[in-house]
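Heads up: the structure comes next, in structure tokens.
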Amino acid sequence: METPYDPQAVETAAQEKWARERAYEVTEDPGREKFYCLSMLPYPSGAFHMGHVRNYTIGDLISRYQRMCGKNVLQPMGWDAFGLPAENAAIKQNVPPACWTYANIEQMRGQLQRLGYAYDWTRELATCKPEYYRWEQQMFVRLMAKGLVYRRDATVNWDPVDQTVLANEQVIDGKGWRSGAEVELREIPQWFLKITAYADELLDGLDELDGWPDAVKTMQRNWIGRSEGAEFDMEFCDPEGEPLADGGSVTVFTTRPDTSFGMTYAVLAPEHPLVAKTTAPERRDEVEAFVAETRGRSEADRAEGHADKRGVFTGAYLKNPFNRRPVPVYIADYVLMSYGTGAIMAVPGQDQRDWDFATAHGLPIVRTVQPPEGFGDDEPYLGDGPAINSEWLDGLGVTAAKAKAIEWLESQGIGRRRINYRLRDWGVSRQRYWGCPIPVIHCPECGPVPVPEADLPVVLPEDVRFMGVASPIKADPEWRRTTCPDCAGPAERETDTFDTFMESSWYYARYCCPDAGAMLDERANYWLPVDQYIGGIEHAILHLMYFRFYHKLMRDAGLVRSDEPATRLLCQGMVVAETYYRDADDGARHYFNPAEVEVERDDQGRVCGARLAADGEPVVVGPIEKMSKSKNNGVDPQSLVERYGADTVRLFAVFTAPPEQALEWSEAGVEGAYRFLKRLWKYVHDHVAAGPVATLAPTGLSSAQRELRAKLHETIAKVSDAIGRRLHFNSIVAAVMELVNAIARHPDAGEQDRAVAQETWENVVLMLAPITPHVCDALWAALGRDEALLDHPWPVADEAAMRRDEVEIVVQVNGRLRGRIRAAPGSERETLEAAALAEENVARFVAGNQVRKIIVVPDKLVNIVVTG
RNA sequence: GCCGGGAUGGCGGAAUUGGUAGACGCGCCGGACUCAAAAUCCGGUUCUGGCAACAGAGUGAGAGUUCAAGUCUCUCUCCCGGCACCA
């Protein structure tokens, strides 16, 4: 009587063994090829969810596979521990953010360990610990010294009732999340990292990242938004074009210098510093009113109704240097101070926005590129064509005209070639408490001064009480008070903290040397770059851009030698589930968890309704959506692990969908995975129970035995490719299931039958080991193998075993499948043609027709082309 | 609007280089076991016609290239994601 599959017992035993053997602790070994496999570190929210399971199972299976391939594999785990939710929880539950965070870490670590991930826990880090963030502070003061950090005013959300700055997530429909007060925009000084200094390198580096998804690279390219053009100066003048006594000039940026002769007006951003100076006295009231109104609106808000091009005339004029004519100067909110020079020349004939504005404000339109025949008069022409109305540019195409215009600007000394980026510098100041303190001291005499390296870290006090919403360190004069490192006079600490993206920008490097007495040491160069990074697509832009940027900062600080932090990136899809709800009479919608609902099907198996298990009454079947609290369609992995075991949950997460696609939750799917493991367990134990196994004699096998061996080795080839190259993990499982189905139908009685079965079961276990490591560990031992499964070499397909006595060849007539024949592999073309024509059904379709041509694909297919 | 990715049975998906469409799983149908249910096992399951052999249709729509198209080309529809007044 065999033991039934008991996942809890199997998994406990395996995990205890791994812990005892310290099976996942690694050190640098220059003699071995390394593999650094990294999953994005979680925020310790306390809620371990299916998205985590999916992410970490993918990372774990890649790690385990690479280890079986003989690599020295590093797979670490840690906690992105700073952040706003801890503060929100602190305010609600009156517990310090640090306590809440550490308690969550404890809980989530236990849940991760229960899933059996092969992490080297000795390298675990939490980003909220001073021994971690002190290096980030050191890097910041060094960047200050290098001129890569600066301070300027930036807009924040201000809650006038709570008297505090709110994060974007705390603003709901323009109102403060707690006070409900209308949020105001305020300008306060904040710190910036000059990511724009690396814009070109960040852009060009994408071309080398062959292992990154195109979607991510495209998003980053668009985000960097490099555009080439020119900037040039224009003099203020009077309405006749005569110079002004104290005129001055303004610089504009354009990507179309070739169209400059078509400039019919110019526009300054409302915040442009020259607006006040150059506005004509009689226009002042109107201009000031417009500026004031614009100031109260965010950039997003301004973009909202961009169809109506709002703006006013300033009464000033600028002289177009190309044709020496004056053009009126407007201010309009479609021109942004934060891009280019905050001033543009407007060429409505060749630009949609300028066209819209000119049309709305009755300004003239001059075309400078000849549109093709039939092009309407009611829109700007953006395409290529010969220049017109442009004096010495006439007749040139766009590219040539651009080059000539820039050459001319340079020869006149009034303009130059210029590249602009949409990418903005990275604002790293947050007016929150639970973050890394920005290591700066504000001295009334010396201004902002970096904290000397010897005084680092600036430690964030963890034992705090929240009085209202404001940051406890902002509220505490004692913490702020200090002396100026330069003049020794009284001074105050910066009370802003870093954006939490700062911590997640370098954690991957710290894992390599978690105890280093510097930010990093030489061990980082052994492990880096990361060979496989796995995480959600939602990080495609921000995190993955900052992470690349920071790596370059560390490289330029001499800490790492590579140019990019990660060579391969896999973005896994969301975990989604069906939603179920009822609408109450008052319109409120109440969602029910999938676990509380019973789905009804018609006799075809189609879902036709659902009822709440508790009351038997129907509920509405809603759309399939990302698992979330608000839709109550989340499933707790912990309860699944308790019911089915970690291997089942891991198998489900890998099998149900390819990694980059959405994974649809299904209880039945989990049961299917569980059923498979139970069958596997039973098959292997039945095989073992049948007694000793003879040595395999590959040359003396029956054709059925050879057939099964061929299937096995084909599966090994397929699975190796799917796991190592294509990352199609769901196909691995399908292929192994197919093999298991084949061997289950195979007799397990004769000596060589049992030898083939033994070989097959051992390889099934090896191939599934990365995905379901616990059950495989037990089955490996049951099969009589006493060496460690973890380090057993990944199986290699045996070419000789794959050779079959006979192959099935498909016969088509005019491309339509009409029959099948069997032949020895490598059969001659003539043999196959004859056999194909002799096949009964094929002959029916060929009869009475003339054979024109016969296509033969060796060992696969014969296509007979006939006419008649 | 621009950029990127998709669309295959009742459902999730497979088909790697243009060569048997629907592997594998779920669901459903039928059967075995059972007093019964659950679990388990066996068989069937793209649609249409046919007892069957088999035939016809079929990978969002339409055209094209090819002996052969889910796969390549063009046009279109819809869906998902990102960006969105960036001069």
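Below, chain A is the first sequence line, B the second, and so on; all start at residue 1. Since the model is a prediction, treat every value here as computed from it, not as a measurement.
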_Sugar-phosphate, base or nothing in reach of A:Asn741, heavy atoms under 4.0 Å_ = sugar-phosphate

*Listed nucleotide nearest any side-chain atom of A:Lys718, set B:rA23, B:rU16, B:rU20*: B:rU16

*Any donor-acceptor pair under 3.5 Å linking the side chain of A:Gln350 with the backbone of A:Thr368?*
yes

Within the sub-3.5 Å range, which N or O atoms of nucleotides 66-74 of chain B have a protein N or O partner, and how far apart are they?
from	atom 1	to	atom 2	distance (Å)
B:rC67	O2'	A:Asn863	ND2	3.2
B:rC67	O2	A:Asn863	ND2	2.7

*Are A:Lys678 and A:Tyr5 in a cation-pi setup, meaning NZ or CZ lies under 6.0 angstrom from the ring centre and within 45 degrees of the ring axis?*
no

*Please state whether the phosphate of B:rC42, meaning OP1 or OP2, lies under 4.0 angstrom from any side-chain nitrogen or oxygen of A:Arg745.*
no

*Look at A:Glu839 together with A:Arg820 and state whether they make a salt bridge at an N to O cut-off of under 4.0 Å.*
no

*So what does A:Ser666 hit on the nucleic acid, given a heavy-atom distance under 4.0 Å: a base, only sugar-phosphate, or nothing?*
nothing

*Donor-acceptor pair, A:Ser628 side chain versus A:Lys631 backbone, under 3.5 Å?*
yes

*asked:* Angle between ring planes, A:Phe322 versus A:Phe261, binned at 30° and 60°: parallel, tilted or perpendicular?
replied: perpendicular

*Measure centre to centre between the rings of A:Tyr330 and A:Phe357, then say whether the value is under 6.0 Å.*
yes

*State whether A:Arg679 places a side-chain N or O below 4.0 Å from either non-bridging phosphate oxygen (OP1 or OP2) of B:rC24.*
no

_Across nucleotides 50-60 of chain B, 5' to 3', mark each nucleotide with B, S or - according to how protein heavy atoms within less than 4.0 Å reach it._
----SSSS---

*Mind checking A:Glu808 for me? I need base, sugar-phosphate or nothing, with any heavy atom below 4.0 Å counting as a touch.*
base

*Ignoring hydrogens and angles, answer whether the base of B:rU20 and the side-chain atoms of A:Arg820 contain a donor-acceptor pair closer than 3.5 Å.*
yes

*Rounded P spacing from B:rG62 to B:rA57 in Å*: 14 Å

*A:Arg226 NZ/CZ over A:Tyr421 ring centroid, <6.0 Å and within 45° of normal*: no

*Describe the nucleic acid contact of A:Gly672 in one word from base, sugar-phosphate, nothing, applying a heavy-atom distance below 4.0 Å.*
sugar-phosphate

*For the pair A:Asp356 (side chain) and A:Lys309 (backbone), establish whether a donor and an acceptor sit closer than 3.5 Å, ignoring hydrogens and angles.*
no

*asked:* Whole angstroms only, please: what is the OH-C1' distance between A:Tyr339 and B:rA84?
replied: 14 Å

*asked:* Strictly distance-based, threshold 3.5 Å: is any side-chain N or O of A:Gln220 a donor or acceptor partner for the main-chain N or O of A:Ala540?
replied: yes

*Is a donor on one side and an acceptor on the other found under 3.5 Å between the side chain of A:Asn814 and the backbone of A:Val866?*
yes

*Taking only residues two or more places apart in sequence or in another chain, which ones pass side-chain hydrogen bond (donor to acceptor under 3.5 Å, both in side chains) with A:Glu379?*
none

*Which of these nucleotides, B:rC83, B:rA87, B:rC24, is closest to any side-chain atom of A:Met737?*
B:rC24

_Quick check against the 3.5 Å criterion: does A:Trp681 have a side-chain atom that pairs as donor or acceptor with the backbone of A:Thr3?_
yes

*Between A:His728 (NE2) and B:rA14 (P), how many Å, whole number?*
7 Å

_Pair assignment for RNA chain B - dot-bracket with | for other-strand partners, Watson-Crick or G-U under 3.5 Å_ = (((((((..(((......[....)))((((((.......))))))((((....))))..(((((..]....))))))))))))....

Measure all distances between protein nitrogen or oxygen atoms and nitrogen or oxygen atoms of nucleotides 1-9 of chain B, and list the pairs falling under 3.5 Å.
none

*asked:* Distance alone, cut at 3.5 Å: any donor-acceptor contact between the side chains of A:Tyr683 and A:Asp748?
replied: no

_Measure CG/A:Leu423 against P/B:rC83 and give the value in whole Å, please._
14 Å

*Does A:Thr656 put a side-chain nitrogen or oxygen below 4.0 Å from OP1 or OP2 of B:rG13?*
no

*asked:* Under the side chain to side chain donor-acceptor pair (under 3.5 Å) definition, can you give me all pairs with a residue in residues 650-666 of chain A, not counting sequence neighbours?
replied: A:Asp60-A:Arg650

*asked:* Strictly below 4.0 Å: does A:Lys678 bring a side-chain N or O up to OP1 or OP2 of B:rU40?
replied: yes

